[in-house]
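Basis for what follows: all heavy atoms, side chains included, without hydrogens, waters or symmetry-related copies.
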Amino acid sequence: MVNRQEEAQPESGAVIQAMDVSFYYGPSQALFNISLDIIPQRVTALIGPSGCGKSTFLRCMNRMNDIIPKTRLTGKMLINGQDIYDEKEDIVELRKQVGMVFQKSNPFPKSIFDNVAYGPRIHKMHKNKMMDVVEKSLRRAALWEEVKDRLTENAMGLSGGQQQRLCIARALAVDPQILLMDEPASALDPKSTTHIEDLIGELRKEYTIVIVTHNMQQAARVSDTTAFFYEGRLIESGKTKRIFTKPKEKQTEDYITGRFG
Ligand SMILES: Nc1ncnc2c1ncn2[C@@H]1O[C@H](COP(=O)(O)OP(=O)(O)OP(=O)(O)O)[C@@H](O)[C@H]1O
């Protein structure tokens with residue numbers, strides 16, 4: 001099997017470079033020799049059937065798998081040319097640079113304001129700047145107008161779609177370069193899903209986004225580049241339009257035409 005990324009070659013250098021990445025949960029190998037360049041300020045969708053390793057690969061990009069005991073990565077994961085698995089890597093800084101949004105929104109049981117201010121406080125941002133950062137982040141997450149008069153209310157009182165946008169605002173508050181999104185809309189109703197997809201369209205102007213999705217229509221709508229995974233292997237990657245219209249590999253074609261998965 002060949003890892004293809006012909007059209008995906010960046011003009012100006014990849015922001016994330018996976019180089020021959022394999023990943024193990026204890027003795028069980030979940031990823032096999034993945035090499036993929038992620039292009040800055042674009043949306044890259046990771047697609048493939050359940051259990052093919054999409055989330056595992058996503059979590060390798062900010063070392064989120066480190067919290068699972070007995071896991072191991074081989075190969076290299078470079079961000080801006082730096083190996084994030086180097087022993088000198090500062091994990092707190094890494095997670096600031098590479099934000100993450102999960103399938104199930106997970107606001108803290110605190111006020112809307114405190115949710116967004118959480119990261120900036122950890123990074124010791126001065127109190128005077130906090131209100132500006134909270135407003136800017138909520139605006140970027142397209143939530144400000146809905147919550148500006150209730151910032152002190154508990155975030156758990158927001159709707160599911162609002163909670164997910166709050167989690168996006170929380171991730172943006174520390175000014176990341178990259179945003180990882182693991183099925184960010186799969187628990188939401190169609191209207192909230194559209195809202196999140198529109199938001200991704202806006203955010204791609206400023207951030208590099210990698211999104212895991214089960215939903216192929218969603219991948220086709222929101223992403224510039226698509227990478228298809230199958231059984232822990234990267235089968236094919238390239239421009240989304242090409243992947244969905246002229247896949248080169250039979251497994252990709254079978255998947256996008258709904259023959260399996
Ligand atoms: N914490 C874990 N411990 C052990 N094995 C795991 C763990 N998480 C995932 N795996 C295994 O790794 C493989 C890849 O799983 P992963 O969740 O990355 O796939 P996925 O493509 O994101 O699937 P889904 O779309 O169902 O979320 C699967 O075989 C899964 O069982």
J.: Start with the C-alpha gap between Thr74 and Tyr24, add the side-chain angles, then the distance that decides, and say whether side-chain contact (heavy atoms from CB on, under 4.5 Å) holds.
T.: CA-CA 9 Å; Thr74 62; Tyr24 303 80; 4.2 Å; yes
J.: Is there a side-chain contact (heavy atoms from CB on, under 4.5 Å) between His123 and Val92? Walk through the geometry before answering.
T.: CA-CA 9 Å; His123 292 282; Val92 176; 3.6 Å; yes
J.: Would you compute the distance between atom NZ of Lys76 and atom CG of Asp83 and round it to the nearest 0.5 angstrom?
T.: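 Between Lys76 NZ and Asp83 CG, I get 4.5 Å after rounding to 0.5 Å.
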J.: For residues Leu234 and Ala227, report the shortest heavy-atom separation together with the two atoms involved.
T.: CD1-CB, 3.6 Å
J.: In terms of ring plane angle, is the pair Tyr25 and Phe23 parallel, tilted or perpendicular, where the classes change at 30° and 60°?
T.: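 Judged by the thresholds at 30° and 60°, the geometry between Tyr25 and Phe23 is perpendicular.
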J.: Mind checking what makes side-chain hydrogen bond (donor to acceptor under 3.5 Å, both in side chains) contact with Gln41, not counting sequence neighbours?
T.: none
J.: Say whether Ile38 and Ile84 are linked into one hydrophobic cluster, either directly or through other cluster members, by side-chain heavy-atom distances under 4.5 angstrom.
T.: yes
J.: So, for Val101 and Pro184, which heavy atoms are closest and what is the spacing to 0.1 Å?
T.: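 Looking at all heavy atoms of both residues, the shortest contact is CG1-CB, 4.5 Å.
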J.: Looking at residues at least two apart in the chain, or sitting in another chain, which of them share a salt bridge (charged side-chain N to carboxylate O under 4.0 Å, His left out) with Glu93?
T.: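 Result, salt bridge (charged side-chain N to carboxylate O under 4.0 Å, His left out) vs Glu93: none returned.
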J.: Step by step, would you call Phe229 with Thr56 a side-chain contact (heavy atoms from CB on, under 4.5 Å)?
T.: CA-CA 11 Å; Phe229 284 71; Thr56 299; over 6 Å; no
J.: Verify, without hydrogens or angle tests, whether Ser223 (side chain) and Ala220 (backbone) share a donor-acceptor contact under 3.5 angstrom.
T.: no
J.: Rounded to the nearest 0.5 Å, what separates atom NZ in Lys248 from atom CD1 in Ile235?
T.: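 Between atom NZ of Lys248 and atom CD1 of Ile235 there are 14.5 Å.
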J.: Check the hydrophobic clustering (I, L, V, M, F, W, Y; side-chain heavy atoms under 4.5 Å; chains of links allowed) and say if Val98 and Leu172 are grouped together.
T.: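 No, separate clusters.
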J.: State, with a plain yes or no, whether a side-chain heavy atom of Lys239 is found less than 4.5 Å away from one of Arg42.
T.: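 No, every pair of side-chain atoms sits at 4.5 Å or beyond.
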J.: What are the two closest non-hydrogen atoms of Asn33 and Ser22, and how far apart are they?
T.: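 Scanning both residues completely, I find the closest heavy atoms to be N-OG, 3.0 Å.
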J.: Quick one: does Val15's side chain get under 4.5 Å of Asn80's, heavy atoms only?
T.: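 Yes; the side chains approach each other to less than 4.5 Å.
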J.: Apply salt bridge (charged side-chain N to carboxylate O under 4.0 Å, His left out) to the pair Glu202 and Arg139, showing each step before the final yes or no.
T.: CA-CA 11 Å; Glu202 281 301 308; Arg139 281 190 188 281; over 6 Å; no
J.: I would like to know whether Phe108 and Tyr118 meet ring-ring contact (aromatic ring centres under 6.0 Å, His included); could you show each step before the answer?
T.: CA-CA 9 Å; Phe108 303 129; Tyr118 185 85; 4.5 Å; yes
J.: With a 3.5 Å distance limit and no angle check, can you tell me whether Glu236 reaches the backbone of Glu249 through a side-chain donor-acceptor pair?
T.: yes
J.: Ignoring hydrogens, what is the shortest heavy-atom contact between Ala185 and Thr193? Give both atom names and the distance.
T.: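 Result for this residue pair: O-OG1, 3.6 Å.
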J.: To the nearest 0.5 Å, what is the distance between CG (Asp182) and CE (Met64)?
T.: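 Rounded to the nearest 0.5 Å, the CG-CE separation comes out at 10.0 Å.
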J.: Just by distance, do the side chain of Arg204 and the backbone of Ile209 share a donor-acceptor pair under 3.5 Å?
T.: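 The answer is no, because no donor-acceptor pair under 3.5 Å joins these two groups.
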J.: Taking the side chain as everything from C-beta on, heavy atoms only, tell me whether His195 gets closer than 4.5 Å to Leu188.
T.: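 No, their side chains stay 4.5 Å or more apart.
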J.: Using links of under 4.5 Å between side-chain heavy atoms of ILVMFWY residues, direct or through other members, which residues join Phe113 in one cluster?
T.: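 Besides Phe113, the cluster holds Ile112, Val116, Met125, Met130, Met131, Val133, Val134, Leu138, Leu143, Trp144, Val147, Leu151, Leu158, Leu166.
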J.: side-chain contact (heavy atoms from CB on, under 4.5 Å) between Arg59 and Ile67: does it pass, once the steps are laid out?
T.: CA-CA 10 Å; Arg59 292 194 305 258; Ile67 54 179; over 6 Å; no
J.: Side-chain contact test, heavy atoms from C-beta onward, threshold under 4.5 Å: evaluate it for Thr208 versus Ile39 and give yes or no.
T.: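 Contact flag for Thr208/Ile39 side chains = no.
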J.: So if I apply the side chain to side chain donor-acceptor pair (under 3.5 Å) rule between Glu183 and each of Lys54, His214, Lys104, which one comes out positive?
T.: His214
J.: Is it true that Phe228 and Tyr255 have ring centroids separated by less than 6.0 Å?
T.: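 Yes.
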J.: What I'd like to find out is whether the side chain of Arg259 reaches to under 4.5 Å of the side chain of Glu253, using heavy atoms alone.
T.: yes
J.: Is the backbone of Asp20 close enough, under 3.5 Å, to the side chain of Ser35 for a donor and an acceptor to pair up by distance?
T.: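 Flag set: sc Ser35 to bb Asp20 pair under 3.5 Å.
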J.: Ignoring hydrogens, what is the shortest heavy-atom contact between Ile256 and Met216? Give both atom names and the distance.
T.: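 Closest heavy-atom pair between Ile256 and Met216: CA-SD, 3.5 Å.
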J.: Heavy atoms, side chains only, cut-off 4.5 Å: are Val21 and Leu73 in contact?
T.: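 Result yes, sub-4.5 Å side-chain heavy-atom pair found.
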J.: Kindly give the heavy-atom pair with the smallest separation between Gly160 and Ser105, and that separation in Å.
T.: O-OG, 4.2 Å
J.: Measure the CD-CD1 distance between Gln177 and Ile79 for me, rounded to the nearest 0.5 Å.
T.: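 CD1 of Ile79 is found 8.0 Å from CD of Gln177.
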J.: Only counting residues at least two apart or in another chain, list the ones meeting salt bridge (charged side-chain N to carboxylate O under 4.0 Å, His left out) with Glu89.
T.: none
J.: To the nearest 0.5 Å, what is the distance between CZ (Arg72) and CG (Asn65)?
T.: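 Answer for the CZ-CG pair, Arg72 versus Asn65, is 13.5 Å.
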J.: Same cluster for Val222 and Leu179 if Ile/Leu/Val/Met/Phe/Trp/Tyr side chains link at under 4.5 Å?
T.: yes
J.: With a 4.5 Å cut-off on side-chain heavy atoms, are Phe57 and Val210 touching?
T.: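 Heavy-atom side-chain distance check fails, nothing below 4.5 Å.
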J.: Out of curiosity, does Leu199 fall in the hydrophobic cluster containing Val43 (side-chain heavy atoms, cut-off under 4.5 Å, transitive links)?
T.: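 In one cluster: yes.
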J.: Identify whether Val212 and Ile196 are in the same connected component of the hydrophobic contact network (ILVMFWY, side-chain heavy atoms under 4.5 Å).
T.: no
J.: Just verifying a value: how many Å separate Lys70 NZ and Ser28 OG, rounded to the nearest 0.5 Å?
T.: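 Rounded to the nearest 0.5 Å, the NZ-OG separation comes out at 13.5 Å.
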J.: Are Leu94 and Gln82 side-chain neighbours, meaning at least one heavy-atom pair lies under 4.5 Å?
T.: no
J.: Please identify each residue that fulfils side-chain hydrogen bond (donor to acceptor under 3.5 Å, both in side chains) with Asp66, with sequence neighbours left out.
T.: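 Asp66 satisfies side-chain hydrogen bond (donor to acceptor under 3.5 Å, both in side chains) with Arg63 once adjacent residues are dropped.
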J.: If you link I, L, V, M, F, W and Y whenever their side-chain heavy atoms are under 4.5 Å apart, who else ends up in the same group as Leu78?
T.: Met19
J.: Between Thr240 (side chain only) and Thr225 (backbone N and O only), is there a donor and an acceptor less than 3.5 Å apart?
T.: yes
J.: Would you say Asp189's side chain and Ser192's backbone share a donor-acceptor pair under 3.5 angstrom?
T.: yes
